[in-house]
Amino acid sequence: MSKPKILVTAALPYANGHIHLGHLVEYLQTDIWVRFQKLTGRRCIYICADDTHGTAIMIRARQEGRPEEEWIAEMQAAHERDFAGFDIAFDNYGSTNSAENKILCDGIWGSLRQSGLIVEDDVEQLFDTVAGTFLADRFVKGTCPNCKAVDQYGDNCSACGATYAPTDLIDPVSTLSGSTPVKKTAKHLFVQLEQLHEFLDSWTQSGEHLQSEVANYLKGHFLGKPLRDWDVSRPAPYFGFEIPDSPGNYWYVWFDAPIGYIASTWQWCQKNGESLDDWWKSDDTEIHHFIGKDITYFHTLFWPGVLKTAGYSLPKFVHIHGFLTVDGEKMSKSKGTQISASTYLKHLDPAFLRYYYASKLGPRLDDIDLNLTEFANKVNSDLIGKVINLASRTARFIESVGLSKAYPEDGGLFREFADSGEKIAQAYDQLDYARATRLIMELADKANAYVENNAPWALKKDPERQQELQDVCTVVLNLFRQLCVYLTPILPRLSVQCGELLQSPIQSWSDSQTQLVGSPIAKFQHLMQRLLPEKVQMMIEESKPEVPAETAGAEQVAAPVSGPTSVPTDSGDALAAEPLAPTCTIEDFAKVDLRVARVIKAEEVPEARKLIKLTVSLGGDNVRTVFAGIKAAYTPEQLIGRLVVIVANLQPRQMKFGLSEGMVTAAGAGGTEVFLLGVDSGAVPGHRVH
RNA sequence: GGCGAUGUAGCUCAGUCGGUUAGAGCAACGGCUUCAUAAGCCGUGUGUCGGUGGUUCGAGUCCACUCAUCGCUACCA
């Protein structure tokens, strides 16, 4: 009997902020696991979506003066771009604001109604008559009813620690409008979770679905007493889905958010001719949720309760991870340690972070620390010094002859590497990536020692020993390939590069068991650049706020995934003006060879209206002529000497004024709005852009 | 306050059912090597395993207390 297929979800990022390195712990942990499962031949899909509803989005859109839909579309595009930048490969990335989600919410709501779980009750809340909306706790400030401290939020007092309802605040003020809110009663709908108490007790405590500390936490914190009713509705105005049988009321964002997992799966099913029931109502599918520890409650009590009631499969496992700290402290905007995904990508290779996180991630809820010094050391030492170095110190020796015809005697190394596959696979499967990387690096050490003991550089000098040289390099490159197979879930790009170098793509975990002999190898080129510590510093500097952090207010609403998220807000005009192109694969992108080049000459072309004739150097003798349509934005003098990024393998084009042998990349709308792409210091002509 | 966790070498962490002189990687130091992206190899660790007390022939490993750190504490998203 074949193993069940696997459906994996990561928490839905909230459409109110950008992805930062804290969020990425989860998406990378999940991506690595999915890639591992796929590599071993398991049928597995990775599902995610943007979480788009709620008061915070509504308020934000109002502040921006545009429709919520526009705002969330823009955020979603940014999220997807960030994920793609880190090689996080979702099978489907949906949105909770989708037609599919609405239909599913309706159905699940019907089940809850039918099961008699829904009750109505009046809730008194503060209402902002100016903004015309009920106020969530964080949108109200006032004087603490207990200690009389002023300027406290609606839920608890930072001075005395008292907790209270916002309606208890003395002299409350709405942070939205500055007006004095009034008390107003509205009807809310509740889910009586207590009716499912017995089921939740056994599901959470079975030891099969949760980490033990999570089960303990739930037992101690919630399950020891009656479960409270869960308020799942919000009165208008609210950005979300209106409840069909309760007009004027909307589902609370946390009701429809997890249903987004199903909705996104449904979209995937539609695209791939699959049946949703095969994935969400079948014993032949294991559902695995990956979440941060801050949203444990929703995924381990409420969500199983909903699934159970509505007749969907329960999660096989909810994997919960800890938070990210940077240099041992909470991420801090002012210290520049709250680093956005896009800022990271401007400076550093995503492979670095993928590897570093992997090397620190275990199966438990401990927080993981991004120690910036260790980050640079470890990445350089492990990836460049140990693994990649194996290829770069041997491949060149046998570029012309390829691999030996028969696999040489290697003292059992290949066998040993192959046999380690099982242990490494087990570590991956158990989410113990730290162990997996440790095991892989142990092997890399052995491979390097083999190089040392067999000194191919000495063999090279002796014409009598060329066969030996080829044999030694064949062994090392085979070991290198085994390491690449084992690292594929973490470093998919390296895996592809290894396939190109040895002209045999890595397609399966079992590739680590087969020897490559008698085949040619490609000309060696660097597989990865070293991590320069100064780039880390630049990244931190760029992450620091330019102005002091704004005081608390509507801007600072937490995202559903760990960590604070307020970041500068850019307008969506540029994106709207030119919508995203259809998705391209990494292979598509790899066809375009972008190179850093230096402008060594720039000349006016008198007859041309838009063109400047550039002579650019890729280093050495490699000089070419490029015509660029940037006359309105730049003068030739401004260009000489600077570094640009060019498309270096573009088919040359005969233009009126001469042959253009490439294209200079630039952003902007055109005309005077043209901004050449530059590179951070450190790059030199000839560097490829990856 | 309650609850869940964590506290082992300068840093990040392993230490399985309690059992001989407590381990790894990084960093540091010494030597070797030069094929490689100043990469590699060999060698070097006097750590009261947060503290106190207890159980035991024996505890980093179990128990109690204690200190420190982190997180959660549902109508916040």
Side-chain angles (χ1 to χ4, degrees), chain A residues 14 16-17 51 53-57 121 123 125 136-139 153-156 161 163 165 188 190 193 212-222 224 227-234 252-254 257 292-298 301-302 322-323 325 327-330 356 359-360 362 364-371 373-386 388-397 432 434-435 437-438 441-442 445 448-453 455-461 469 472-473 476 524 526-530 557-562 565:
Chain A
Y14 197 50
N16 196 31
D51 179 18
H53 292 153
T55 311
I57 299 294
D121 202 1
V123 172
Q125 265 189 298
D137 297 355
R138 58 189 335 115
F139 294 132
Y153 277 110
D155 46 358
N156 66 69
T163 59
H188 281 233
F190 294 80
L193 214 51
S212 59
E213 55 267 54
V214 177
N216 289 343
Y217 158 68
L218 294 173
K219 189 177 180 183
H221 211 82
F222 300 111
L227 293 163
R228 283 218 225 159
D229 293 349
W230 203 53
D231 186 350
V232 291
S233 79
R234 295 291 182 275
Y252 174 47
V253 54
W254 260 110
K293 59 187 182 182
D294 51 336
I295 55 176
T296 298
Y297 168 79
F298 297 100
L301 294 177
F302 181 72
F323 294 146
T325 55
D327 282 342
E329 295 179 14
K330 255 184 162 171
Y356 183 76
S359 76
K360 316 244 351 174
R364 304 208 298 153
L365 290 87
D366 306 310
D367 291 351
I368 76 166
D369 185 48
L370 169 57
N371 178 299
T373 310
E374 188 201 25
F375 174 54
N377 284 336
K378 187 160 197 151
V379 164
N380 284 335
S381 168
D382 286 4
L383 289 185
I384 312 292
K386 289 184 182 174
I388 293 203
N389 202 215
L390 288 169
S392 62
R393 65 195 306 206
T394 53
R396 273 184 256 250
F397 288 141
D432 198 345
R435 196 166 114 80
T437 53
R438 237 180 292 129
M441 286 311 137
E442 267 175 41
D445 283 339
N448 275 302
Y450 176 85
V451 177
E452 197 69 20
N453 294 334
W457 57 92
L459 299 174
K460 184 190 160 200
K461 291 171 187 156
L469 172 65
V472 168
C473 293
V476 174
F524 180 78
H526 278 179
L527 304 173
M528 200 181 283
Q529 301 302 317
R530 295 177 64 73
V557 181
V561 191
S562 33
T565 57

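Chain naming here is simple, since letters A, B, ... match the order of the sequence lines and numbering starts at 1 in each.
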Strictly by Watson-Crick or wobble contacts shorter than 3.5 Å, is anything paired with [N], and which nucleotide is it?
N	value
B/rU6	B/rA68
B/rG18	none
B/rG30	B/rC42
B/rU61	none
B/rA24	B/rU12
B/rC49	none
B/rU55	none
B/rU73	B/rG1

Using whole Å, what does the distance between atom [atom2] of nucleotide [N] and atom [atom1] of [X] come to?
X	N	atom1	atom2	answer
A/Asn389	B/rG40	CG	C1'	7 Å
A/Asn377	B/rG10	CG	C1'	13 Å
A/Phe302	B/rC75	CZ	P	14 Å
A/Glu442	B/rA14	CD	C1'	11 Å
A/Tyr297	B/rU73	OH	P	11 Å
A/Leu365	B/rC13	CG	P	15 Å
A/Met528	B/rA39	CE	C1'	15 Å
A/Glu374	B/rA9	CD	C1'	14 Å

Problem set entry | Evaluation steps, side chain to side chain contact (heavy atoms under 4.5 Å, CB included), between A/Thr55 and A/Arg234 | CA-CA 9 Å; A/Thr55 311; A/Arg234 295 291 182 275; 5.7 Å; no

Taking atom [atom1] in both [N] and [M], compute the distance separating them and give it to the nearest angstrom.
N	M	atom1	value
B/rC3	B/rA74	P	16 Å
B/rC17	B/rA77	P	43 Å
B/rA9	B/rA28	C1'	12 Å
B/rC26	B/rC72	P	34 Å
B/rU61	B/rA14	C1'	13 Å
B/rA68	B/rU52	C1'	15 Å
B/rG19	B/rA64	C1'	24 Å
B/rG31	B/rG7	P	38 Å

Taking any heavy-atom pair under 4.0 Å as a contact, classify [X]: base, sugar-phosphate, or nothing.
X	result
A/Leu390	nothing
A/Ile368	nothing
A/Arg435	nothing
A/Lys386	sugar-phosphate
A/Gly54	nothing
A/Arg438	sugar-phosphate

Where the side chain of [X] meets the backbone of [Y], is there a donor-acceptor pair that is under 3.5 Å apart?
X	Y	value
A/Asn16	A/Ile57	no
A/Asn453	A/Ala455	no
A/Thr437	A/Ala434	yes
A/Tyr14	A/His53	yes

Problem set entry | From A/Tyr297 atom OH to A/Leu193 atom CG, the distance as rounded to the nearest 0.5 Å |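 Here the rounded value is 5.0 Å.
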
Quick one: is [X] getting a side-chain N or O under 4.0 Å of the [N] phosphate, OP1 or OP2?
X	N	value
A/Lys293	B/rU73	no
A/Tyr252	B/rA77	yes
A/Arg228	B/rU73	no
A/Lys461	B/rC35	yes
A/Arg530	B/rA39	yes
A/Ser381	B/rC26	yes

Exercise. Are A/Lys360 and A/Asp369 ion-paired here, with the side-chain N under 4.0 Å from a carboxylate O?
Worked result: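 Salt bridge absent between A/Lys360 and A/Asp369.
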
For this session: Using the closest heavy atom to pick a nucleotide of RNA chain B for each, name whichever of A/Ser392 or A/Asn448 lands nearer the 5' end.
Result: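 Taking each residue's closest nucleotide, the earlier one in sequence belongs to A/Ser392.
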
Exercise. Which residue, A/Leu227 or A/Ala449, contacts RNA chain B at a nucleotide closer to its 5' end, judged by nearest heavy atom?
Worked result: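 Looking at the nearest nucleotide for each, A/Ala449 comes out on the 5' side.
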
For this session: Please determine which of A/Trp254, A/Phe190, A/Phe298 meets the ring-ring contact (aromatic ring centres under 6.0 Å, His included) test together with A/Trp230.
Result: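 When ring-ring contact (aromatic ring centres under 6.0 Å, His included) is applied between A/Trp230 and each of A/Trp254, A/Phe190, A/Phe298, only A/Phe298 qualifies.
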
Problem set entry | Nearest listed nucleotide, side chain of A/Asn371, among B/rA77, B/rA5, B/rU12 |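 Output: B/rU12.
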
Exercise. Taking the side chain of A/Phe190 as heavy atoms from C-beta outward, which of B/rC75, B/rU37, B/rC70 is closest to it?
Worked result: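 Within the option list, the nearest is B/rC75.
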
Exercise. Taking all atoms of both residues into account, what is the closest heavy-atom pair of A/Gly385 and A/Asn448, and its distance?
Worked result: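 The pair with the smallest heavy-atom distance is O-ND2, 4.2 Å.
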
Problem set entry | Heavy-atom donor-acceptor pair, A/Trp254 side-chain to B/rA77 base, under 3.5 Å |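 Donor-acceptor pair under 3.5 Å: yes.
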
